[in-house]
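Worksheet for the structure shown next.
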Amino acid sequence: MEENNNVTKSKNFIYELIDKDIESNRWDGKTICTRFPPEPNGYLHIGHAKSICLNYGIARDFMGRFNLRFDDTNPSKEEQEYVDSIIEDVRWLGGDFEDRVFFGSDYFEKMYGWALELIKKGKAYVDDQTADEIRQTRGTLTEPGKESPYRNRSVEENLNLFERMRNGEFANGTKTLRAKIDMTSPNINLRDPIMYRIVHEVHHRQGNKWCIYPTYDWAHGLEDSIEGITHSICTLEFENHRPLYDWFLDELGIHHPQQIEFARLNLNYTVMSKRKLLQLVKENYVDGWDDPRMPTVCGIRRRGYTPQAIQNFAEIIGVAKRDALTDIALLEYAIRDDLNKHAQRAMAVLRPLKVVITNYPDTVEELDAINNPEDTAMGSREIPFGKEILIEQTDFMENPPKGYHRLIPGGEVRLRYAYIIKCEEVIKNDKGEVVELRCTFDPETKSGSGTSTKKVKGTIHWVSAKHAVGAEVRLYDRLFTVENPGAEENWLDLINKNSLEIISSALIEPFLKNSKPGERYQFERHGYFCVDTKYTTNEKLVFNRTVTLKDGWAKK
RNA sequence: UGCCCCGUAGUGUAAUUGGCAACACGUCUGACUCUGGAUCAGGAGACUCUAGGUUCGAGCCCUAGCGGGGCAGCCA
């Protein structure tokens, strides 16, 4: 990941906080250390990407360290498949954790020891109440809770019971280990929170080694502490948990990271919750987690986004504590900005219209075309040109509106990198549809020859009929029809039925025949496209439209 | 009804920590252009949620209210 010089970086509140910590030598010279702590129960999405960029960026900017740590404390929800995809996605995004992939479950033994310590201090106890009883005695938002009848067991009894919990003597749900804090606290998280529950289930890494599992609140701070994390950054919903995070660490007297909360990313016209994303996949509203319309990291990767664009996006949107709904236009800007500078240009005709140049000889001419006007180092290529070509259907209009400056009957237009042609005749079928244009070309107007003073308003793209290669092109639109579908009860009804349009017989420039899955191009005047990694075969090229070009004309 | 957090152009963030509200995107206008892209130049758009208070001076501090979000899993 590189520092982006284009963006004037104003410090967010987290950077300022860390600055102060360093100034006051709060960490006693210790290396600044952050982490990304996903639970391996789903695929990463663009919201996680924001967090990864933030955490990795801090480590990078403060000459610190960034860990990837799986918070795998719940055996019933977690799977190896998710671990693998998460590692791949974090790497791809540029979050460089080097060799530091950690698992919370690897710290279970140590956590167990700390739990014994709290029991011995009289700060934790085994509760025999059922889940139902615990809920009922927790109180409500406005009423205090009631203390458990088991709250004042002796240390010995607690030690004995807790050991037997570990040994598997009790059934799921029959006992828990609870922190002894304050059942009357206005912060419900402090009303004797549960530290361990009994779960007789196979863990994706630990197998059958454990049947008691630590809860998030108990485990998370310990994991951070073990790894020497200095700044434990999480989302806003954990704000009320911070007093508990602090309580455990203070009682244990171990390394105590600073928890900091920030607002998670929300993007308009999509959903971001894991549950909803899962549902879209499971109920086949989309074609898997990596469907290019999905906001998942694998989805936007397949769509053609670059890590650099996502990093820049993260930089652009910044970090704050108020929840927001970010306009997708900011993301689209980031990818256009990146691809404009780096993507090879090509011509592709999505909906072809045959054009015969009646005064052109029956020969083939090779024309010189620039690969990227933004980067001359990318060189140029040759494009075959002949008597018969295909242009975009929308680049010809029989009855054009005012301001239209492409081809019209009797009008002239430039063929990019070729000649200016004039439309002499329009040929229609029985149904009155335009099926062919007869044009003449002006040999004096060859691109780059400098022999013509003729000016035309429009330049259109084309491919040679004899040489063009067929391809499938997939055009994507927003997945939902409303800005914030996640807020709606009937969000599934708000899916955009036209979010995918498959054009099965587009025609592309010959050199693209050899393009490889994952390669990105700009199809001139259309947008940026990426060779699909899923459906492209040796026989068939499939392109995904990453994003359109800005179109000042279409808006009017 | 309790506790915690947050309210700044359409969107996302700034404001040297109490000193003329700025940047990016978007939008509009013009220039340029063999991509209606890019680039360049310029414009519009904000009573900083409201009402009090402190102060020479408040987006920033205090009080009250209003609005938004979060919390009553043996999820994270």
Side-chain angles (χ1 to χ4, degrees), chain A residues 6-8 10-12 16 37-39 41 71 73-74 76-77 127 129-131 134-136 138-145 172-178 185-191 193-199 212-213 215-217 219-220 234-243 261 263 265 268 274 313 315-334 336-337 340-341 345 347 370 373-374 403-406 413-418 420 445 447-448 455-461 522-527 548-556:
Chain A
N6 299 332
V7 180
T8 326
S10 62
K11 287 185 176 175
N12 61 53
E16 295 203 344
E39 182 187 15
N41 70 343
D71 202 2
T73 57
N74 186 347
S76 52
K77 300 173 79 174
D127 195 348
Q129 292 185 111
T130 63
I134 286 179
R135 183 173 355 104
Q136 273 162 22
R138 185 155 28 225
T140 67
L141 295 178
T142 51
E143 306 157 42
N172 287 355
T174 54
K175 283 182 168 45
T176 57
L177 184 74
R178 291 231 254 169
S185 171
N187 181 344
I188 291 176
N189 298 124
L190 262 21
R191 320 240 260 232
I194 285 160
M195 296 164 63
Y196 281 93
R197 70 278 212 192
I198 299 171
V199 183
I212 55 171
Y213 288 91
T215 56
Y216 170 87
D217 283 318
H220 203 87
C234 60
T235 43
L236 253 26
E237 68 267 29
F238 294 104
E239 202 150 27
N240 292 333
H241 295 244
R242 179 153 30 95
E261 310 84 15
L265 170 68
N268 61 7
K274 275 189 189 179
F313 170 69
E315 203 66 57
I316 287 166
I317 60 175
V319 180
K321 291 196 71 159
R322 67 180 117 140
D323 26 31
L325 185 58
T326 299
D327 195 331
I328 190 84
L330 293 174
L331 217 211
E332 294 181 341
Y333 164 77
R336 284 195 189 103
D337 189 47
N340 175 47
K341 293 172 200 147
R345 311 285 127 121
M347 293 200 282
I370 295 164
E374 305 297 320
Y404 183 84
H405 47 241
R406 282 109 92 172
V413 76
R414 169 168 292 282
L415 295 175
R416 173 133 247 226
Y417 296 124
I420 290 173
T445 60
S447 285
K455 289 270 188 220
V456 286
K457 270 192 244 144
T459 299
I460 64 174
H461 60 274
Q522 182 198 100
F523 290 170
E524 295 209 22
R525 306 208 306 132
H526 279 301
T548 61
L549 250 29
K550 269 173 59 175
D551 188 346
W553 167 250
K555 274 181 210 138
K556 295 181 183 175

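All chains are named by letter (A, B, ...) in the order of the sequence lines, taking the proteins before the strands, and each is independently numbered beginning at 1.
Nucleic acid contact class of A/S76 (heavy atoms, under 4.0 Å, all strands): none. Residue-level contact check: A/E332 touches neither bases nor backbone, having no heavy atom under 4.0 Å from any strand. Residue-level contact check: A/F523 touches neither bases nor backbone, having no heavy atom under 4.0 Å from any strand. Counting non-hydrogen atoms under 4.0 angstrom, A/A320 reaches the backbone sugars and phosphates but no base. Within 4.0 Å (heavy atoms only), A/N240 reaches at least one base atom of the nucleic acid. Among the heavy atoms of the strands, none lies under 4.0 Å from A/G458. A/R135 comes within 4.0 angstrom of sugar-phosphate atoms only, judged by non-hydrogen atoms across all strands, and of no base. Heavy atoms of A/T215 sit under 4.0 angstrom from primed sugar atoms or phosphate atoms, though from no base atom. At a threshold of 4.0 angstrom between heavy atoms, the contacts of A/I134 include nucleobase atoms, whether or not backbone atoms are also involved. As judged by a 4.0 angstrom heavy-atom cut-off over every strand, A/R138 is placed among residues touching the sugar-phosphate backbone only. Residue contacts for A/E374: at a heavy-atom cut-off of 4.0 Å it reaches a base atom on one of the strands shown. Within 4.0 Å of A/T176, counting heavy atoms only, lies at least one base atom of the nucleic acid. Nucleic acid contact class of A/F238 (heavy atoms, under 4.0 Å, all strands): base. Using a 4.0 Å heavy-atom distance criterion, A/Y417 is classed as a base contact.
When each of B/U35, B/A24, B/A72 is scored by its nearest atom to the side-chain atoms of A/I188, the top-ranked nucleotide is B/A72. Proximity note for A/D323 (side chain, C-beta onward) versus B/U35, B/G12, B/G69: the nearest is B/G69. Nearest nucleotide to the side chain of A/I317, out of B/G2, B/U35, B/G12: B/G12. Listed nucleotides: B/C74, B/G37, B/C25. Nearest to the side chain of A/I194: B/C74. Across B/C25, B/G2, B/U35, the shortest atom-to-atom separation from the side chain of A/T142 is found for B/G2. Counting only heavy atoms from C-beta on, A/N189 has its side chain closest to B/C71 among B/C75, B/U35, B/C71. The A/L330 side chain lies nearest to B/U11 when the options are B/U8, B/U11, B/G26.
Listed for the A/R336 side chain is no donor-acceptor partner under 3.5 Å among the backbone atoms of A/N340. Side-chain N or O atoms of A/D551 include one that pairs as donor or acceptor with a backbone N or O of A/A554 at under 3.5 Å. The backbone N or O of A/I194 sits nowhere less than 3.5 Å from a side-chain atom of A/R178 that would complete a donor-acceptor pair.
Glycosidic torsion of B/G70 falls outside 90° of 0, placing the base in anti. Base orientation of B/U17: syn, since the glycosidic angle falls within 90° of 0.
Across all strands shown, B/C56 forms a Watson-Crick or G-U wobble pair with B/G19, both key distances being under 3.5 Å. Judged by Watson-Crick or G-U wobble contacts below 3.5 Å, the nucleotide B/C25 has B/G10 as its partner. In this structure B/C40 sits in a base pair with B/G30, meeting the Watson-Crick or G-U test at under 3.5 Å. Judged by Watson-Crick or G-U wobble contacts below 3.5 Å, the nucleotide B/U63 has B/A51 as its partner.
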Run A/D217 and A/T215 through side chain to side chain donor-acceptor pair (under 3.5 Å) and show every step you take.
CA-CA 6 Å; A/D217 283 318; A/T215 56; 5.6 Å; no
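Between A/D127 and A/P186, the residue anchored nearer the 5' end of RNA chain B, judged by the nucleotide with its closest heavy atom, is A/P186. Positionally, the nearest nucleotide of RNA chain B for A/V319 lies more toward the 5' end than for the other of A/I198 and A/V319.
Taking the ring centroids of A/H241 and A/H220, they lie at or beyond the 6.0 Å cut-off. Between A/F238 and A/Y216, the distance from one ring center to the other falls under 6.0 angstrom.
B/G36 has A/H405 stacked on its base ring, the centres lying under 5.5 angstrom apart and the planes within 30 degrees of parallel. Using a 5.5 Å limit on the distance between ring centres and a 30° limit on the angle between planes, the aromatic ring of A/Y216 does not count as stacked on the six-membered base ring of B/A76.
Shortest non-hydrogen contact noted between A/K341 and A/E374 is CA-CB, 4.3 Å.
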